[in-house]
Enquirer: 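Quick one: this structure, given as structure tokens, is what I'll be asking you about.
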Amino acid sequence: RKGWEWRKKRDIIDRKRRRNGVMSSLFGMLGTVAAVMQNELLIRRELPESTVMNILKGVNSGCSVLCAICVFNIYWLNILFARVQAHLRRGQDLNPDIPLGPILKDRTFWLEVCLCLAHNPPWFTFEFDVTNLDNTIVYRSETLLCIVNTLRCYLLWRVVTDQILDTLPRRHTVAMFASVKLGKEFAFKLMLNGWGAIWYIAGAWSFFVILLGYWFRMFEISACGEREFHQTGNPACAEDSAINWTVAGVGTFPQSNNIYMWNAIWCIFVTTTTVGYGDIFPTTHLSRVVSVLAAFVGIVCASLLTASLGSSMQPSPAEMSATLVLHREKARHELLVLAQRLIAFWWRRRKGTMNRRQRRLDPFELKLEFKRTLLDTQVEVEDCAGISKKIEQIVHRTKYLQRALDAIADKLWEPDVTEMHMKHQRRHRTTIMGNLLMEQEAKPHHEEKNVRSMMLNRRNSFIQEARNRMMSRTSAVFSASIQETMFKSMKSPMAGDAGFDHHRQIARGDIGSKEEKRLQMAFARRHGGGIDDEI
């Protein structure tokens with residue numbers, strides 16, 4: 001359709017996904033800030049039906065709806081992106097028209113929508129009383145729904161991961177080539193790799209301490225407090241269990257909302273570090289649940305920090321190579337000292353002027369130490385490289401030699417290579433078509449569209465196999481050619497080579513070109529695994 005051209009472009013779809021992720025987190029955080037403001041005003045004796053409270057509730061309602069729309073767009077673009085990926089990887093038909101059915105069947109979508117739409121609308125309020133350890137506590141709807149709104153902070157995780165993945169160039173092509181999904185799990189592993197992981201873990205730790213501290217404070221505050229809240233009409237506030245609280249190990253005391261934000265953060269911090277001084281402790285069931293979450297978060301963050309530091313402190317291959325080279329240079333310096341000691345020992349023993357310390361020396365041990373140090377000084381620089389560095393050097397040299405051999409073989413044997421390639425294609429074409437036709441007859445009608453992709457995959461596999469065989473045989477022929485050139489250039493017989501006399505006859509012209517070709521092919525079969533007579 002007109003205007004749907006962008007739905008077939010993967011980069012544009014990915015850019016729209018990131019943009020909707022940023023917008024959803026922005027609207028979600030604005031709504032959360034509005035909910036926190038109205039909750040704090042309510043604690044400071046602001047009426048729930050006041051104009052300021054209704055304005056803040058209206059702002060939260062608008063941001064909640066916009067956040068839910070952005071989340072819907074993200075899921076819609078995810079389905080479209082998956083279809084484009086399937087079209088590019090497996091050649092499936094691309095249908096850019098996305099119905100609502102797949103989106104509405106996703107449970108994760110409904111969970112995110114509920115988190116975005118859960119809020120306290122304007123001109124609406126209620127109170128909720130709970131009996132907790134023989135004590136009565138009353139919560140207001142603004143407080144409970146404000147805590148629910150803070151769960152929208154998970155939207156920031158999508159923005160952070162998208163930002164990390166956006167720094168990777170051509171990540172979709174690389175993911176297709178390596179058959180790896182570069183998603184949020186891959187971004188999380190990148191975050192924990194290197195010294196930058198310390199800042200990520202410290203930031204996450206601080207974020208959870210502040211968030212759980214706010215939850216702890218809200219669950220410890222009761223709406224029955226006359227100093228903070230406006231007088232409520234809930235009859236539970238008139239009960240003695242709401243006025244005087246009883247805590248095991250402490251006794252009975254008048255209930256008062258005297259916990260401040262800094263005290264709550266301090267309580268959560270010492271809980272995450274598994275210290276727990278006991279100066280501040282939870283008195284409600286919900287605040288105890290928050291303390292359990294804080295302990296779990298502390299264990300996870302401490303484990304991640306330890307693992308990250310352990311992997312970051314491992315020396316790199318370059319540092320290991322430098323350490324070995326420095327060890328060699330240190331051994332050279334020690335070798336001079338040992339040589340000086342040996343010469344001095346020999347000279348003093350010959351002159352008979354050895355002192356008491358030199359008499360206690362064992363000349364055999366001194367010579368062994370000198371030999372060991374001498375071996376350390378004879379290490380080459382390439383031997384000081386680590387295992388991974390050596391493997392990398394071997395791979396690079398092998399690739400360079402392979403490219404050089406391919407280039408020389410293409411120049412020397414280009415007609416024969418082309419003929420071999422065509423012969424392998426003709427040999428396997430009939431077999432491929434016959435097998436695919438038999439499979440097509442055995443399969444139902446709805447799988448006929450996969451026949452073309454199967455033909456392409458099998459054709460590519462057979463071509464790759466033929467190319468590998470062709471290059472191995474070409475290398476054998478090239479080796480035979482080099483060996484023949486070496487034979488011709490030598491003036492004296494090669495010891496132990498039975499075919500040298502034939503090559504001398506070829507050089508003198510006693511054997512014709514056919515015999516020369518036959519000997520060359522025989523040498524190639526003997527050293528390279530055989531080659532067809534048609535070459």
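Both backbone and side-chain heavy atoms feed into the values below; hydrogens, waters and symmetry mates do not.
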Enquirer: Are any non-hydrogen side-chain atoms of Phe219 and Ile137 less than 4.5 angstrom apart?
Expert: no
Enquirer: Measure the CG-OG1 distance between Asn39 and Thr143 for me, rounded to the nearest 0.5 Å.
Expert: 4.0 Å
Enquirer: With a 6.0 Å cut-off (strictly less than), is the heavy-atom count around CZ of Phe72, excluding the residue itself, greater than 12?
Expert: yes
Enquirer: Does Asn60 form a side-chain contact (heavy atoms from CB on, under 4.5 Å) with Asn120? I'd like the steps, not just the answer.
Expert: CA-CA 8 Å; Asn60 192 7; Asn120 201 118; 5.7 Å; no
Enquirer: Do side-chain atoms of Asn135 reach the backbone of Thr131 as a donor and acceptor pair under 3.5 angstrom?
Expert: no
Enquirer: Dump the intermediate steps for side-chain contact (heavy atoms from CB on, under 4.5 Å) on Ser291 and Phe281, then the final yes or no.
Expert: CA-CA 9 Å; Ser291 300; Phe281 55 89; over 6 Å; no
Enquirer: In Å and rounded to the nearest 0.5 Å, what is the CZ to SG distance from Phe296 to Cys301?
Expert: 9.5 Å
Enquirer: Provide the closest heavy-atom pair for Cys116 versus Arg152 in the form atom of the first, atom of the second, distance.
Expert: O-NH2, 2.8 Å
Enquirer: Would a 4.5 Å heavy-atom cut-off, applied to side chains only, mark Phe186 and Leu168 as touching?
Expert: yes
Enquirer: Where do Leu117 and Ser64 come nearest, in terms of heavy atoms and distance?
Expert: CD2-O, 3.7 Å
Enquirer: Which atom pair, heavy atoms only, marks the closest approach of Thr32 to Asn149?
Expert: OG1-O, 3.0 Å
Enquirer: Salt bridge check, Arg140 against Glu46: does any charged N sit closer than 4.0 Å to a carboxylate O?
Expert: no
Enquirer: Starting at CD1 of Ile98, measure out to CD1 of Ile79 and round the result to the nearest 0.5 Å.
Expert: 6.0 Å
Enquirer: Could you tell me if the side chain of Thr284 sits less than 4.5 Å from the side chain of Tyr139, heavy atoms only?
Expert: yes
Enquirer: Before you tell me yes or no, could you show the steps for Cys146 and His119 under side-chain contact (heavy atoms from CB on, under 4.5 Å), namely the whole-Å CA-CA distance, both residues' side-chain angles and the distance that decides it to 0.1 Å?
Expert: CA-CA 7 Å; Cys146 174; His119 68 286; over 6 Å; no
Enquirer: Does either side chain, that of Glu127 or that of Ser141, offer a donor lying less than 3.5 Å from an acceptor on the other one?
Expert: no
Enquirer: Do the two ring centres, one from Phe109 and one from Tyr75, sit under 6.0 Å apart?
Expert: yes
Enquirer: Should Glu40 and Arg44 count as an ion pair when the cut-off is N to O under 4.0 Å?
Expert: yes
Enquirer: Hey, what do you get for CZ (Phe188) to CD1 (Ile164), rounding to the nearest 0.5 Å?
Expert: 10.0 Å
Enquirer: Using modelled atom types only, decide if a donor and an acceptor are shared between the side chain of Asp166 and the backbone of Asp162 within a distance under 3.5 Å.
Expert: no
Enquirer: For Ile268 and Trp215, run side-chain contact (heavy atoms from CB on, under 4.5 Å): C-alpha distance rounded to whole Å, both residues' side-chain angles, the deciding distance at 0.1 Å, then the answer.
Expert: CA-CA 10 Å; Ile268 296 299; Trp215 289 5; over 6 Å; no
Enquirer: Ion pair present between Arg107 and Glu112, side-chain N to carboxylate O less than 4.0 angstrom?
Expert: no
Enquirer: Asp14 and Arg18: salt bridge (charged side-chain N to carboxylate O under 4.0 Å, His left out), yes or no, with the steps?
Expert: CA-CA 6 Å; Asp14 195 23; Arg18 294 198 304 271; 3.3 Å; yes
Enquirer: Minimum heavy-atom separation for Ile13 to Arg7, with atom names?
Expert: CD1-O, 3.4 Å
Enquirer: Does Lys16 qualify as a cation-pi partner of Trp6, given the criterion of NZ or CZ under 6.0 Å from the six-membered ring centre and within 45 degrees of its axis?
Expert: yes
Enquirer: Could you check whether any side-chain heavy atom of Trp195 comes within less than 4.5 Å of a side-chain heavy atom of Ser308, counting everything from C-beta outward?
Expert: no
Enquirer: Are Thr271 and Val292 packed together at the side-chain level, in the sense that at least one heavy-atom pair is separated by less than 4.5 angstrom?
Expert: no
Enquirer: Where is the tightest heavy-atom contact between Glu142 and Phe124, given as atom of each residue plus distance?
Expert: OE2-O, 3.9 Å
Enquirer: So do the side chains of Met23 and Asn73 get within less than 4.5 Å of each other, counting heavy atoms only?
Expert: no
Enquirer: In this structure, are over 12 heavy atoms from other groups packed under 6.0 Å from Phe126 atom CZ?
Expert: yes
Enquirer: Enter the distance from Asp97:CG to Arg83:CZ here, rounded to the nearest 0.5 Å.
Expert: 7.5 Å
Enquirer: Go through Glu220 and Thr283 one step at a time and tell me if the side-chain hydrogen bond (donor to acceptor under 3.5 Å, both in side chains) criterion holds.
Expert: CA-CA 7 Å; Glu220 286 288 321; Thr283 58; 2.5 Å; yes
Enquirer: Are side-chain heavy atoms of Met218 and Ile147 found at a separation under 4.5 Å?
Expert: yes
Enquirer: Calculate, to the nearest 0.5 Å, the distance between atoms CG and NE2 belonging to Leu165 and His172 respectively.
Expert: 8.5 Å
Enquirer: Report yes if the side chains of Leu309 and Ile198 come closer than 4.5 Å at any heavy-atom pair, otherwise no.
Expert: yes
Enquirer: A quick test of your reading: do over 12 heavy atoms of other residues, nucleotides or ligands sit less than 6.0 Å from CE of Met37?
Expert: no
Enquirer: If every non-hydrogen atom of Met53 is compared with every non-hydrogen atom of Pro48, which pair is closest and at what distance?
Expert: CB-O, 3.6 Å
Enquirer: Can you establish whether the number of heavy atoms outside His285 located under 6.0 Å from its atom NE2 is more than 12?
Expert: yes
